[in-house]
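Report on one structure; see the data block that follows.
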Amino acid sequence: MAWPSLTVAAMLGLGSGALAALKTCGPSQYDPAQYICHINNFLCPITAGEALSLCGGACYSTFMYTCSANTLTLLPAVTTPFTLAVSNPSLPALHNQPVSAAGLRWTLAGPTSSYCPDVVGAACPPGNATAVVASAGRAAMDVMVPGGQAVYLTPDDWSVGYTQAHSAYMPGGSLVEGFGAYAGGGFVNLNGDGWGWVACPPVTAGGGRWRLVGRNATSAAALAGCDAVNLRVVPFGGSVGAWQYA
Ligand SMILES: *[C@@H]1O[C@H](CO)[C@@H](O)[C@H](O)[C@H]1NC(C)=O
Ligand SMILES: *[C@@H]1O[C@H](CO)[C@@H](O)[C@H](O)[C@H]1NC(C)=O
């Protein structure tokens, strides 16, 4: 999806209290905390800490698109295993931290939880990085365990889950499609009309992890306490991430 660029200050919906911080972009005034001015004429929003780029007259995310000759093109799909890093420069505690498998969920900024049976011995992968593979809108954990571990959005709150080893079980209504993984770009959630990902703070005091959650028009208000993030695709050095993620 591409966003139209804005050229009219009135579209910004800014209260007069914000005027002191406004800057000028061609004929418009804008809040530099929320918009970037391109070629002194076009405003693009800042979303999830990313100042969207300009291509022709359209604003775009470099997590998904590239621009050539004023035309947007989707980045190529990733075809090899990758790990993921949180991206939002306005959230220093999470920016560049890994997405980590733990407790059958994708968590943020913590260690990876994995397991390898003793009998596998020296063939066990290190299992300390959370690696993923993706194709045709689906994703799976990059594991050796027979049957694999599929990635899905849970039906109750769109947390990112993965199936337990040796089981294909996932709750009814789970979403297994609508993921995009782009080389040189990001891992995007295309479910729910482009509301993307949010990082939700730990729910238990004194412990717990940040969680990755997919957002949509219905859940946006309930997720107001979470922060929008992008996920950057990082090529994985090894071939397989773990025997199984736990
Ligand atoms: C995993 O462990 C290997 C050594 O066994 C180390 O080289 C690598 O940096 C570790 N990776 C992470 C993500 O901790
Ligand atoms: C939006 O997400 C919620 C989970 O937070 C889910 O229950 C709901 O079905 C989703 N809505 C749509 C329209 O997909």
Side-chain angles (χ1 to χ4, degrees), residues 1 47-48 78 80-87 93-118 120-133 137-139 141-145 149-162 170-180 187-203 208-229 231-246:
M1 65 232 71
T47 67
V78 184
T80 53
F82 55 89
T83 62
L84 291 168
V86 178
S87 180
L94 292 178
H95 186 56
N96 285 331
Q97 292 293 312
V99 171
S100 302
L104 305 180
R105 292 288 180 271
W106 282 14
T107 69
L108 307 175
T112 288
S113 178
S114 68
Y115 168 79
C116 190
D118 288 346
V120 180
C124 284
N128 58 351
T130 297
V132 179
V133 290
R138 293 174 177 245
M141 308 310 290
D142 182 29
V143 290
M144 293 172 81
V145 68
Q149 294 182 282
V151 169
Y152 62 93
L153 298 185
T154 66
D156 53 338
D157 67 354
W158 281 21
S159 290
V160 186
Y162 50 95
M170 57 183 82
S174 295
L175 298 178
V176 296
E177 293 187 322
F179 305 117
F187 184 82
V188 301
N189 170 29
L190 300 171
N191 294 292
D193 288 334
W195 286 73
W197 301 116
V198 291
C200 294
V203 285
R209 302 266 193 104
W210 286 79
R211 291 175 307 128
L212 184 69
V213 174
R215 189 167 51 159
N216 61 40
T218 314
S219 62
L223 294 172
C226 305
D227 295 300
V229 293
L231 300 181
R232 187 163 49 81
V233 165
V234 180
F236 180 56
S239 62
V240 63
W243 171 267
Q244 74 189 57
Y245 290 104

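For ligands, and for the atoms within them, numbers begin at 1 and follow the listed sequence. On a predicted model such as this, the values are computed, not experimentally measured, just so you know.
For atom 9 (O) of ligand 1, no protein non-hydrogen atom is found at a distance below 4.0 Å. For atom 5 (O) of ligand 1, the protein comes within 4.0 Å by no heavy atom at all. At a distance under 4.0 Å, a protein heavy atom can be found next to atom 14 (O) of ligand 1.
Atoms of ligand 2 lying under 4.0 Å from any heavy atom of N216, numbered from 1 in the order shown and given with element: 1 (C), 2 (O), 3 (C), 8 (C), 10 (C), 11 (N), 12 (C), 14 (O). Remark: ligand 2 atoms within the under-4.0 Å shell around heavy atoms of D156 are 4 (C). For ligand 2, the atoms closer than 4.0 angstrom to any heavy atom of D157 are 4 (C), 5 (O).
For the pair A222 and ligand 2, no heavy-atom separation below 4.0 Å is found. Not a single heavy atom of V213 sits less than 4.0 Å from an atom of ligand 2.
Under 3.5 Å, the side chains of S159 and R105 contain no donor-acceptor pair of N or O atoms.
Side-chain atoms of T83 do not come within 3.5 Å of backbone N or O of T130 as any donor-acceptor pair. Y162 contributes a side-chain N or O that, together with a main-chain N or O of A246, makes up a donor-acceptor pair within less than 3.5 Å.
When each of V160, V176, L175 is checked for a side-chain contact (heavy atoms from CB on, under 4.5 Å) with V151, only V160 meets the rule. Screening F187, W158, Y152 for a ring pair (Phe, Tyr, Trp, His ring centres under 6.0 Å) with W106, the sole residue that qualifies is F187.
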Inset, instruction - Would you please test L108 and Q97 for side-chain contact (heavy atoms from CB on, under 4.5 Å) and show each step? - result: CA-CA 7 Å; L108 307 175; Q97 292 293 312; 5.9 Å; no
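Nearest to atom 7 (O) of ligand 2 among the protein's heavy atoms is P155 O, 3.4 Å.
The residue from T130, T112, N128 that puts a heavy atom closest to atom 3 (C) of ligand 1 is N128.
Between R215 and C200, every side-chain heavy-atom pair lies at or beyond the 4.5 Å cut-off.
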